[in-house]
J.: 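Quick one: the structure is below, questions incoming.
Residue numbers count from 1 along this sequence.
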Amino acid sequence: MGKYFGTDGFRGEANVNLTAEHAYQIGRFLGWYYGELKKQKQLDEPAKIVIGKDTRRSSYMFEYSLVSGLTASGADAYLLHVTTTPSVAYVARTDDFDCGIMISASHNPYYDNGIKLINSNGEKMDEETILLVEDYIDGKLRLFGQEWKELPYAHKDAIGCTVDYVAGRNRYMGYLISLGVYSFKGMKVGLDCANGSSWNMAKSIFEALGAKCYVINNEPNGLNINNNAGSTHIEGLQKYVVDNGLDVGFAYDGDADRCLCVDELGNVITGDHILYIYGKYMKERGKLDNNTVVTTVMSNFGLYKALDELGIGYAKTAVGDKYVYEYMQQNGCRIGGEQSGHIIFSKYASTGDGILTSLKMMEVMMARKQKMSQLCEGLSIYPQVLQNVRVADKAEALANPEVQAAVDQVTAELGDTGRILVRESGTEPVIRVMVEAESEEICQKYVDMVVAKLKVNAKDNTRNIQKLCENIMQLLLLSGFINE
């Protein structure tokens, strides 16, 4: 993982740790780099880069900064304007762009933002190119056999131009509509757009397929994206579906690459439910290649029990839709995703796509002539307790024999009635302890058992550090380097 770019782009608070200058530098590098690659292939044409953004106030600032950098380096910037992350991936893949850029911090609050890089295949950018971007930001770029303290500017007619490309977004909407194999006529559908990217797209797509739409959180003002709205605050949609007697509801996040559902009874349908419903649907039709559903290690134990009952295999990847997609590509799998609602249908998209996910759930409902609650029968989600423990050294804490013994004991006692997962946080000095079992009481009991060992280990480490500091002070005093 890079210094600036994590598994989901360069993300931070706007103009604090992600600035307009960062965006300009990213634009400068990408415009120059892809232009150089074209020259090496003896192609006399500028680099083409497509840009989308969500509804945050700062997205406009980052868009203009990126465009300035791109065009200064000689690239042409194509603007989709406010759109979804999967639409940028689709357009980059189908319209022969060198790469795509999405300006969004997904489900984060409005004051955060992010820059996601997408390659010409509509996939997350490869690590090698991202590291080159970071090297340029840090002023230590070495590429094409030389060091680059600064990149050359384009001059005269080589300066890039900006192209209004809203047609690309509209074509993406047409593509999603074309995937609808059933009419939604007579269906009352709730949509929570999180005051984000889907606000001007989802309703039009569903209405084109015949649904009667009831929409909330579709009035973005730059400051209300994800604010008590969307897939991370789904309680609003739950109440809305029940109060209005709707058949189903779908909630998206800020950039609409994830989707959670609400059934007609107001129950939340998570990514695990979606994987179960669509995995079963594919298997019944002989469409589940490799008979495998791809999950992350955070998927619920109940999902695995239900898939076992259906005779469906599953894979477990590290947390992150990036890892899910990589596994799917390497092993030819058709469906995978995360509990949070990042679902990838590899036949139709190269990234998680919230609107596509909701259309696929509608397809199963219409094909089976069943309500969403009925489609979930056969899946029992196990109670889950998750607790974070702050530690001085994550690797050392996990390797502690007493911690390992406690984890082994919990694993043995749970047997096939639950599971324990103990893992490092990727961003914090924290160990996450998660237990799933038949009751919350059992979960809490076993979480407490492991957490107690981790905390003892953390205290021991603190005491050791304090003792070491005391010994160093004594040595400094004795040697005369410091006075009492």
J.: Once ring-ring contact (aromatic ring centres under 6.0 Å, His included) is applied, what residue pairs with a partner in residues 274-301 remain, sequence neighbours excluded?
T.: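 Output for this query lists Tyr278-Tyr281, Tyr278-Phe345, Phe301-Tyr382.
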J.: Check side chain to side chain contact (heavy atoms under 4.5 Å, CB included) between Met366 and all other residues, then give those that pass, not counting sequence neighbours.
T.: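 Partners of Met366 by the side chain to side chain contact (heavy atoms under 4.5 Å, CB included) criterion, ordered by chain and then number, come out as Tyr182, Phe184, Met187.
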J.: What pairs of residues pass the side-chain hydrogen bond (donor to acceptor under 3.5 Å, both in side chains) test when at least one of them lies in residues 215-233, not counting sequence neighbours?
T.: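 Applying side-chain hydrogen bond (donor to acceptor under 3.5 Å, both in side chains) to every pair that reaches into residues 215-233, excluding sequence neighbours, yields Asp192-Asn217.
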J.: Once ring-ring contact (aromatic ring centres under 6.0 Å, His included) is applied, do any residues pair with Phe97, and if so which ones, sequence neighbours excluded?
T.: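 For Phe97, the residues satisfying ring-ring contact (aromatic ring centres under 6.0 Å, His included) (neighbours in sequence not counted) are Tyr78, Tyr165.
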J.: Can you find a pair of side-chain heavy atoms, one from His273 and one from Cys261, that are under 4.5 Å apart?
T.: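 Not in contact.
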J.: Please determine which of Thr351, Asn119, Asp321 meets the side chain to side chain donor-acceptor pair (under 3.5 Å) test together with Lys124.
T.: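 Among Thr351, Asn119, Asp321, the one that satisfies the side chain to side chain donor-acceptor pair (under 3.5 Å) with Lys124 is Asp321.
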J.: Looking at residues at least two apart in the chain, or sitting in another chain, which of them share a side chain to side chain contact (heavy atoms under 4.5 Å, CB included) with Tyr60?
T.: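 With neighbours one apart ignored, the set is Lys53, Glu63, Tyr64, Val82.
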J.: If I compare all heavy atoms of Asp257 with all of Asp253, which pair ends up nearest, and what's the gap?
T.: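 Here Asp257 and Asp253 meet closest at OD1-OD2, 3.0 Å.
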J.: For Phe29 and Tyr33, take the angle between the two ring planes, folded into 0 to 90°, and tell me which bin it lands in: parallel under 30, tilted 30 to 60, perpendicular over 60.
T.: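 Phe29 and Tyr33: parallel rings.
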J.: Classify the ring geometry between Tyr4 and His22 as parallel (under 30°), tilted (30 to 60°) or perpendicular (over 60°).
T.: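 Judged by the thresholds at 30° and 60°, the geometry between Tyr4 and His22 is tilted.
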J.: Return the set of residues passing ring-ring contact (aromatic ring centres under 6.0 Å, His included) with Tyr446 (not counting sequence neighbours), or none when no residue passes.
T.: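 For Tyr446, no residue satisfies ring-ring contact (aromatic ring centres under 6.0 Å, His included) once neighbours in sequence are set aside.
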J.: Could you tell me if the side chain of Asp98 sits less than 4.5 Å from the side chain of Ser120, heavy atoms only?
T.: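 Result no, sub-4.5 Å side-chain heavy-atom pair not found.
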